[in-house]
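Read the structure below first, then the notes.
Given the structure is predicted, the values throughout are model-derived calculations rather than measurements. Just the heavy atoms: all of them, side chains too, but no hydrogens, waters or symmetry mates, feed the values below.
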Amino acid sequence: MLNIKKIQDIMRNDAGVNGDAQRIEQIVWILFLKLYDEYEKIWKLEAEVEYQTYTSIIPSPFSWDSWAKDNSDGRAKTGEDLLKFINTELFPSLKNLNITEQTPLNQRIVQQAFEDTNNYMKDGILLRQVVNEIDLIKIKQSREDQANLSLTYETFLKALQSAGNAGEFYTPRAITEFVMRILKPSLSDKIADLACGTGGFLISAYHYLESQCKTANDRVALNNAFYGIEKKSLPFILCATGFLINGLENPNLRHTNAFDTSFDDLSSAPKFDIIAMNPPYGSSEKKQIQEHFPKIYRSSETADLFMAIITERLSERGKAAVVLPDGFLFGNDTAKINLKKRLLEEFNLHLIVRLPAGVFAPYTSITTNLLFFDKSPQGTQQTWFYRLDMPEGIKSFGKTKAMKLEHFAPFWQWDKNRTTLEEAQGNFKAQVYSKQELEARNYNFDLCGFVSEEEEILEPFELIGQIKSERERLNTTLNSLMDKISDIIKENG
């Protein structure tokens, strides 16, 4: 079993590793190679059964058994020899593997995983200790062993939420599993996440579909059902490693930027039956990226651009679930208005779940929402809004109190027989609105929101973000009032 704490304690004595984010990256590239070696041994045996030959993409001198395995005979590389081998031979070889169009997906992933990965450790003796700890892992010995390893890795990923900016790559598993229960993917679906981070949505979809596999062909179809894009190196290798741990052997996982393709070219790009995403928000894109989009969707806000891409990549029977901040709901800039207009006209925006604050804490306390919509020639007839309140007895989510799947229980109870839930002073916890009502609000979807929140002390940048969000909300309201006043003056002029 993987002892993350013991490995981190070893690394704390190494002068080259600074902070949790670097420790995580250091652990994961070693873990990836160990797991990949375990799978290659399985693939080789499977090939032999079919009287075929399996050839590894990793050259023999760089296979796990050649350099990492310590047989306690004094021959294993350690100290300066190990550091020199990794830095001047292993990494250059893996970064420059020959990849062609014919290279299988399960081999192509090695070069992509190491493309921008670094070795931070400077003490070769400590590095040998880390490698030896990771070498203890075995996979697929039993379902229980694999489940335990998956649980350990999930705990490892949760550490990202408090590891500086790395928290943006992790979506709590409670959310990814809830989303799959709503979307209900099937084995025939092509499932995508165009900014997949550590792969949470795709892994949850994989486990949701596992029970549907009845034949070997079903298993092949399942392994080829997923498509992920991630531009940053750390989450990419975390995602690739997570796939191996969970049994997803052949994903179409790409280390690239979803914005590199011009919007005009997306009409001929492959379409997906399911898109589930937590796109980056609160960040901005450079002008060259923005110019890939038509003026009606052009925005500096990353989440807006991803929404534009999602609407282009859904198949005719496609379904989507997207995590978006409050700013998208009430925002009235050109891109947001046009995106929300398109959602109502070309899609069935059937449900918006408003999540409690702190779901992504301690990385961020920004309040978020889940938007569910399907491709539909009839467009949206009505949209249900449901506010998921903070669970009783919990004041806020955070490092020690993460959101759990059971916290969605009130939603499932309500979902059995959806009804309007009105509270004091005309505020609604759940309410349905027609397309015409949403249009009349100038596409302001800030409905069934949280009335009041207990005062909390925020970090400076969190406080700035909250103030900016509130200012944008107030500006939207003021602009709407000014428009109404102007119309009244014109009518009575």
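- Among the candidates Leu35, Leu238, Asn106, Leu202, the single residue satisfying the side chain to side chain contact (heavy atoms under 4.5 Å, CB included) test with Phe243 is Leu202.
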Quick one: do Leu234 and Lys232 satisfy side-chain contact (heavy atoms from CB on, under 4.5 Å)? Show the steps, please. CA-CA 6 Å; Leu234 174 56; Lys232 295 188 178 181; 6.0 Å; no
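- There is no side-chain donor-acceptor pair under 3.5 Å between Asn223 and Arg219.
- For Arg12 and Asp9, the salt-bridge test passes: some basic side-chain N is under 4.0 Å from an acidic carboxylate O.
- Shown here for Asn257 and Ile229, the closest heavy-atom pair between the two residues is C-CG2, 4.3 Å.
- Between Leu314 and Phe373, the shortest heavy-atom distance links the atoms CD1-CE1, 4.0 Å.
- Checking side-chain atoms of Asp218 against main-chain N and O of Lys214 turns up a donor-acceptor pair under 3.5 Å.
- The side-chain heavy atoms of Tyr153 and Leu244, taken from C-beta on, include no pair separated by under 4.5 Å.
- The shortest side-chain heavy-atom distance between Leu45 and Val49 does not fall under the 4.5 Å cut-off.
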Leu97 and Phe62: CA distance, side-chain angles, deciding distance, side-chain contact (heavy atoms from CB on, under 4.5 Å) verdict: CA-CA 12 Å; Leu97 292 171; Phe62 307 111; over 6 Å; no
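- Nearest heavy atom pair, residue Pro61 against residue Phe85, reads O-CZ, 3.8 Å.
- With rounding to the nearest 0.5 Å, the separation of OG1 in Thr176 from CG in Leu405 is 9.0 Å.
- Side chains of Thr302 and Glu285: a donor on one and an acceptor on the other come within 3.5 Å.
- Expressed to the nearest 0.5 Å, how far CD of Gln112 lies from OG1 of Thr117 amounts to 11.0 Å.
- Between the side chain of Asp189 and the backbone N or O of Ser186, at least one donor-acceptor pair lies under 3.5 Å.
- To the nearest 0.5 Å, the span separating CE on Met307 from CE on Met277 amounts to 9.5 Å.
- Under a 4.0 Å N-O distance rule, the pair Arg254/Glu230 does not qualify as a salt bridge.
- Aromatic ring centres of Phe259 and Phe306: separated by under 6.0 Å.
- The CD atom of Gln129 sits 8.0 Å away from atom CG of Asp123, with the distance rounded to the nearest 0.5 Å.
- One N or O on the side chain of Asn96 and one on the backbone of Pro92 form a donor-acceptor pair closer than 3.5 Å.
- Between the side chains of Asp304 and Ser299, a donor-acceptor pair is found at a separation under 3.5 Å.
- Formation of a donor-acceptor pair under 3.5 Å by the Arg317 side chain with backbone atoms of Lys375 is not found in this model.
- Counting heavy atoms from C-beta on, the side chains of Phe226 and Leu209 come closer than 4.5 Å.
- In summary, of the residues considered (Asn278, Leu324, Val353), a side chain to side chain contact (heavy atoms under 4.5 Å, CB included) with Leu370 occurs for Val353 alone.
- Proximity of a side-chain donor or acceptor of Tyr39 to a complementary backbone N or O of Glu249 within less than 3.5 Å is not detected.
- Taking a 6.0 Å sphere around CD1 of Ile125, one finds it holds 12 or fewer heavy atoms contributed by other residues, nucleotides or ligands.
- Counting all heavy atoms, side chain and backbone alike, Ile309 lies closest to Ala258 at CD1-O, 3.9 Å.
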Please step through salt bridge (Lys or Arg N to Asp or Glu O under 4.0 Å) for the pair Glu40 and Lys44, ending with a clear verdict. CA-CA 6 Å; Glu40 285 208 303; Lys44 184 177 180 181; over 6 Å; no
Asp65 and Lys41: salt bridge (Lys or Arg N to Asp or Glu O under 4.0 Å), yes or no, with the steps? CA-CA 11 Å; Asp65 286 348; Lys41 289 181 170 67; 3.2 Å; yes
Under the salt bridge (Lys or Arg N to Asp or Glu O under 4.0 Å) criterion, do Lys84 and Asp81 qualify, and how do the steps go? CA-CA 5 Å; Lys84 182 179 179 181; Asp81 288 342; over 6 Å; no
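- Here the closest non-hydrogen pair linking Asn118 and Glu25 is N-OE2, 3.3 Å.
- Glu80 CD to Thr78 OG1: the interatomic distance, rounded to the nearest 0.5 Å, is 10.0 Å.
- For the pair Asp374 (side chain) and Lys319 (backbone), a donor-acceptor distance under 3.5 Å is absent.
- The main-chain N or O of Thr171 is found under 3.5 Å from a side-chain atom of Arg173 such that the two form a donor-acceptor pair.
- Taking 4.5 Å as the limit, some side-chain heavy atom of Ile394 sits within range of a side-chain heavy atom of His407.
- The shortest distance between side-chain heavy atoms of Asp326 and Asn369 falls below 4.5 Å.
- Side chain of Ser204 to backbone of Gly200: a donor-acceptor contact under 3.5 angstrom is found.
- Ring orientation note: the planes of Phe178 and Phe372 are nearly perpendicular, at an angle over 60° on the 30°/60° scale.
- If you take CD1 on Ile245 and OG on Ser150, they are separated by 7.0 Å, rounding to the nearest 0.5 Å.
- Not one N or O on the side chain of Arg23 forms a donor-acceptor pair closer than 3.5 Å with the backbone of Gln8.
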CA sep, side-chain torsions, deciding dist, call: Glu177, Tyr208, side-chain contact (heavy atoms from CB on, under 4.5 Å): CA-CA 8 Å; Glu177 292 181 7; Tyr208 182 92; over 6 Å; no
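- Put simply, the residue from Phe114, Tyr120, Trp67 that forms a ring-ring contact (aromatic ring centres under 6.0 Å, His included) with Phe91 is Phe114.
- Side chains of Arg313 and Pro270 form a contact here, defined as non-hydrogen atoms less than 4.5 Å apart.
- When all heavy atoms of Gly393 and Lys401 are compared, the closest pair comes out as O-NZ, 4.4 Å.
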Test log, rule side-chain contact (heavy atoms from CB on, under 4.5 Å), inputs Met11 and Ile27: CA-CA 9 Å; Met11 285 186 181; Ile27 292 170; 3.3 Å; yes
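- At least one donor-acceptor pair closer than 3.5 Å links the side chain of Asp73 to the backbone N or O of Arg75.
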